[in-house]
Q: 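Here it is: the structure, laid out below.
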Amino acid sequence: MAKSLVIVESPAKAKTIEKFLGKSHYTVKASVGHVRDLPKSQLGVDIENNFEPKYINIRGKGDVIKELKKEAKKAKKVYLATDPDREGEAISWHLSYILNIDEEEKCRIEFNEITKDAIKKAIKSPRNINLNLVDAQQARRVLDRLLGYQISPILWQKVRKGLSAGRVQSVTTKLICEREEEIKAFEPKEYWSIELIASNKEENNLTLKFYGKDNEKIELENEEQVKEILKTIENGSLVVTKIESRSRRKSAPKPYTTSVLQQDAANKLNFTTKKTMMVAQELYEGIDVKGEGTVGLISYIRTDSKRISEEAREKAKGYIIESIGENYYKDHAKDSKGKKEKKVQDAHEAIRPTSVDRTPDSIKDSLSKEQYKLYNMIWRRFVASQMEDSVFDVLNVECKIEDLIFKATGSKLKFDGYTKIYNFTEREDKILPSLDEGEILKIQEYNPQQHFTSPPPRYTEASLVKTLEELGIGRPSTYAPTITTILNREYVEKDGASLVPTELGIIVTKILDENFQKFMEVDFTADMESQLDQIEEGNVEWKKVVEEFYSPLAEAIRVAIEKIEKVNMDEETDEICELCGSNMVIKYGRFGKFMACKNYPECKNTKPIVSKIGVKCPKCKEGDIIMRKSKKKKVFYGCSNYPDCDFVAWNKPVEEPCEVCGSYMYEKYSKSGTKIVCSNKECKHEKIIEQD
């Protein structure tokens, strides 16, 4: 009996789905991503023929295509089960072309999660390939090819080989460069704060902060203002003028979208966006769970939606009532006060567990450390989204001395609500002593403090993803590869968790901004994403969008070729070549910066650049700590006396030793800021040096 053929993208997914469908009736094969694409060696777009793409079978995919054709020929039915997004739809379209599947054939199946019920339900409801989705993907691919393949060669000619420009990557690099300019141009402003410690009649202390004067808030900008206030409070006392008691509710966050998952994983787990998407893909495609076999643990991971299905909502309700308590479940229907929700136009649900009963701890032994951390976060966020608000009793106290106002706020957790499940921060109640209006408080001490405003922080991967989403640049699936690309091209480098533009990134951004200004504008890039959405909705013809994009691009390219002058990035140093006595220069190569003799090609002496960080080696006490890069371009720190001294560390050492045990200390980025931590694991001394 002939079997039906199901084609998915990845071998891991194929293995999971074949288990659900059964080998007796179905054969499940993987295309291993795209099988057809534009050629790498040429533009691959026929500009004269209405931007017709020239697709070819991808080199190296011959054996995969041959096997798929063989299986399709003997199958009674072919189902295309690629990912439920534009890229997945395009892969199915290319597969249908290679396998000669009729355009009218209902061969496309779609599912939001890889579970037995979802797969079997999808098999019963095949549909036609959605050509609007395909066209949106084609438009994006052609637009990116036209820009990248025509601007990049200009950069090779004018700067150096190996550079690239891109519709999203270049604008992303520009954002990072602009933030660096803001930081350099920043001028700190002085401001002051005043704290008072006062006691009530029972001699219980209360800390208050200066608010203002004559019922108006005042910002203290200089020491003169502070001195005037201190004169008033020096020998005085406070009068309690107002006490307000109220309840404050805090609602649970919505389930994860792709971008918020990437941000939270960066902030809470220290994951890069690339790592987050890699681990999430593993959880989505299927994990071998003890006692169950291979099963997909989370729903589809590329989504802008915060919506969840009614079925998932009901399952969460049952779990919360049974396992946590009925008073912890929040009835969202009642919360909407009878108003109908607006129809959501998104294709997918939010990211959620496929079974709420599969708690993180119950399957911990089946997961890697990274898988457990990410699944735990996704599971808790989803369950919390269906739970009641947390409730706080808040007490606001206002006190006066003459016309000066000081305030204090206390809070106490009344009902933990969703934080019983989803609580990644430690919080302590701030209890104020018992007070009465009109009561006199005795001032025990006061503490004026001078501060200076801080420059805007550099982007981290989390804050960059948030900004890209807010500005409408790219889509969830593009954030991780975009960040990876600009790091690999060395337009940007990491300093701890911060993203810092390199000299190369600044130069390339300046060239692109001066010569292709329109295409480097945030609004233009965001508008292009909107037009791709319009193509997906079937409202715009894709080749028309490409034509409107290309006309100004072609003119800008023509002008740029003549206008841009060659950039010499060689930087002469004071270091002397030990072979010929000429000065050494810093050059950019395929693998980054290196030192080369100025007298090239007569002298071909080269050597790596040594980046000292100004810290002596804590092991040999003689060498300098230098920054190095591994083969995977990960920064680490080692001794300049290597191999005589084998000191090495992933974290950046600092000069000052631990004041507790004397071991060396190193910088470490955390949610609360940058801190220095003792390298001796038995000594847990640490201190924050830069507050976030």
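Numbers for residues simply follow the sequence, beginning at 1.
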Q: Give me the atom names and distance for the closest heavy-atom approach of K13 to V8.
A: CD-CB, 3.9 Å
Q: With a 4.5 Å cut-off on side-chain heavy atoms, are L499 and K494 touching?
A: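 SC-SC contact between K494 and L499 confirmed.
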Q: Are the charged groups of R302 and D85 less than 4.0 angstrom apart, N to O?
A: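 No salt bridge links R302 with D85.
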Q: Please answer whether the main-chain N or O of S463 pairs with a side-chain N or O of T467 as donor and acceptor at a distance below 3.5 Å.
A: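 Indeed, once roles are kept as given, a pair shorter than 3.5 Å links the two residues.
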Q: If you compare all heavy atoms of A165 against all heavy atoms of I151, which two are closest, and at what distance to 0.1 Å?
A: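 Distance-wise, the nearest heavy atoms are CB-CG2, 3.7 Å.
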Q: Assess whether side-chain contact (heavy atoms from CB on, under 4.5 Å) is satisfied between R475 and R140, documenting all intermediate values.
A: CA-CA 11 Å; R475 283 293 178 264; R140 183 198 65 78; over 6 Å; no
Q: Using a 3.5 Å distance criterion without hydrogens, assess whether the side chain of S663 forms a donor-acceptor pair with backbone atoms of C678.
A: no
Q: Could you tell me whether E565 atom CD has more than 12 heavy atoms of other residues or ligands within 6.0 Å of it?
A: no
Q: To the nearest 0.5 Å, tell me how far K616 NZ sits from C639 SG.
A: 9.0 Å
Q: Around atom CG of N447, are there more than 12 heavy atoms from other residues, nucleotides or ligands closer than 6.0 Å?
A: yes
Q: Closer than 4.0 angstrom, basic N to acidic O: yes or no for E686 and K668?
A: no
Q: Near K566 NZ, under 6.0 Å, is it more than 12 heavy atoms from other residues, nucleotides or ligands?
A: yes
Q: Measure from the side-chain N and O atoms of N376 to the backbone N and O of Y372, and report whether any donor-acceptor pair falls under 3.5 Å.
A: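 The answer is no, because no donor-acceptor pair under 3.5 Å joins these two groups.
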Q: In Å, rounded to the nearest 0.5 Å, how long is the span from OG of S299 to CD1 of I114?
A: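 Spacing of OG (S299) from CD1 (I114) equals 10.5 Å.
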Q: Are the side chain of K174 and the backbone N or O of D513 linked by a donor-acceptor pair below 3.5 Å?
A: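 The answer is no, because no donor-acceptor pair under 3.5 Å joins these two groups.
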Q: Kindly give the heavy-atom pair with the smallest separation between K598 and V585, and that separation in Å.
A: CB-CG1, 4.1 Å
Q: Please check if atom OH in Y149 has more than 12 non-hydrogen atoms from other residues, nucleotides or ligands closer than 6.0 Å.
A: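 Atom OH in Y149 is crowded, with more than 12 foreign heavy atoms closer than 6.0 Å.
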Q: Looking only at non-hydrogen atoms, find the nearest pair between A596 and K587 and report the distance.
A: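 Where A596 meets K587 most closely, the heavy atoms are CB-CD, 3.7 Å.
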Q: Between S164 and Y491, does a side-chain contact (heavy atoms from CB on, under 4.5 Å) hold up when you go through it step by step?
A: CA-CA 10 Å; S164 69; Y491 295 155; 4.3 Å; yes
Q: Could you measure the distance from the CZ atom of R145 to the CG atom of L38? Nearest 0.5 Å is fine.
A: 4.5 Å
Q: Within the distance-only criterion (no hydrogens, no angle test), does the side chain of E9 pair as donor or acceptor with the backbone N or O of D83 below 3.5 angstrom?
A: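 Yes; at least one donor-acceptor contact below 3.5 Å.
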Q: Step by step, would you call K274 with I483 a side-chain contact (heavy atoms from CB on, under 4.5 Å)?
A: CA-CA 8 Å; K274 183 179 179 180; I483 292 171; over 6 Å; no
Q: Please say whether more than 12 non-hydrogen atoms of neighbouring residues, nucleotides or ligands are located less than 6.0 Å from CD in Q517.
A: no
Q: Run through Y642, F636, Y664, Y666 and flag the one making a ring-ring contact (aromatic ring centres under 6.0 Å, His included) with F647.
A: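 Per the ring-ring contact (aromatic ring centres under 6.0 Å, His included) rule, the option paired with F647 is Y664, out of Y642, F636, Y664, Y666.
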Q: Could you tell me the separation between the CG atom of N270 and the NZ atom of K275, rounded to the nearest 0.5 Å?
A: 9.0 Å
Q: Under 3.5 Å, side chain of S259 to main-chain N/O of P476, donor-acceptor pair present?
A: no
Q: Atom NZ of residue position K15 - does it have more than 12 heavy atoms of other residues, nucleotides or ligands inside 6.0 Å?
A: no
Q: Any Lys/Arg nitrogen of K607 or E578 sitting under 4.0 Å from an Asp/Glu carboxylate oxygen of the other?
A: yes
Q: Between S193 and H451, what is the shortest heavy-atom contact and its length?
A: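 Scanning both residues completely, I find the closest heavy atoms to be OG-NE2, 2.8 Å.
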Q: Under a 3.5 Å distance rule, please check whether K684 uses its side chain to pair with a backbone N or O of K681 as donor and acceptor.
A: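 Answer holds: no.
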Q: side-chain contact (heavy atoms from CB on, under 4.5 Å) for T453 and F186? Distances and angles first, verdict last.
A: CA-CA 9 Å; T453 54; F186 180 80; 3.2 Å; yes
Q: Is the shortest side-chain N to carboxylate O distance from R167 to E529 below 4.0 Å?
A: yes
Q: Using a strict threshold of under 4.0 Å (side-chain N to carboxylate O), is an ion pair present between E180 and R458?
A: yes
Q: Please examine the side chains of M377 and K373, heavy atoms only from C-beta on, and report whether any two atoms are closer than 4.5 Å.
A: no
Q: When you look at Y422 and R380, which way does the side-chain hydrogen bond (donor to acceptor under 3.5 Å, both in side chains) test go after all the steps?
A: CA-CA 5 Å; Y422 188 79; R380 290 182 182 280; over 6 Å; no
Q: Answer yes or no: is there a side-chain heavy-atom contact under 4.5 Å between H685 and C661?
A: no
Q: Under the 3.5 angstrom rule, does the side chain of T173 hit a backbone N or O of Q169 as a donor-acceptor pair?
A: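 Looks like yes, one N/O pair under 3.5 Å.
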Q: Does a side-chain heavy-atom distance below 4.5 Å link T272 with T484?
A: no
Q: Show your working on salt bridge (Lys or Arg N to Asp or Glu O under 4.0 Å) between E659 and K687 and close with a plain yes or no.
A: CA-CA 11 Å; E659 57 200 48; K687 59 183 179 180; 3.7 Å; yes
Q: Once rounded to the nearest 0.5 Å, what's the spacing between atom OG of S477 and atom CD of E87?
A: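 Reported to 0.5 Å precision, the distance equals 7.0 Å.
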Q: Would you say I507 and K510 make side-chain contact, with heavy atoms under 4.5 Å?
A: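 The answer is no, as the side chains (C-beta and beyond) never meet within the 4.5 Å cut-off.
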Q: Less than 4.5 Å apart, any side-chain heavy atom of I91 and any of S31?
A: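 Touching, per the 4.5 Å side-chain cut-off.
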Q: Please check if the number of heavy atoms outside E622 that lie under 6.0 Å from its CD is greater than 12.
A: no
Q: Could you check whether any side-chain N or O of T573 sits under 3.5 Å from a backbone N or O of M584, counting only pairs where one atom can act as donor and the other as acceptor?
A: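 Yes, the answer is positive, given that a donor and an acceptor are paired below the 3.5 Å cut-off.
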Q: Got T509 and M520 here, is their nearest side-chain heavy-atom distance under 4.5 Å?
A: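 Contact flag for T509/M520 side chains = yes.
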Q: Quick one: does E461's side chain have a donor or acceptor within less than 3.5 Å of a partner on T273's backbone?
A: yes
Q: Out of curiosity, T359 OG1 to W379 CH2, how far, rounded to the nearest 0.5 Å?
A: 6.0 Å
Q: Would you check if N515 and I154 make a side-chain contact, meaning some heavy-atom pair closer than 4.5 Å?
A: no
Q: Using a cut-off of 6.0 Å, state whether more than 12 heavy atoms not belonging to E602 lie near its atom CD.
A: yes
Q: Determine, for K652 against D495, whether the closest basic-nitrogen to carboxylate-oxygen distance falls under 4.0 angstrom.
A: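 Result for this pair is no, no salt bridge flagged.
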Q: Of the options L297, V279, L367, which is the one that meets L374 in a side-chain contact (heavy atoms from CB on, under 4.5 Å)?
A: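 Checked L297, V279, L367 against L374; only one passes side-chain contact (heavy atoms from CB on, under 4.5 Å): V279.
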Q: Closest heavy-atom contact between S170 and L512?
A: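 Where S170 meets L512 most closely, the heavy atoms are OG-CD1, 3.5 Å.
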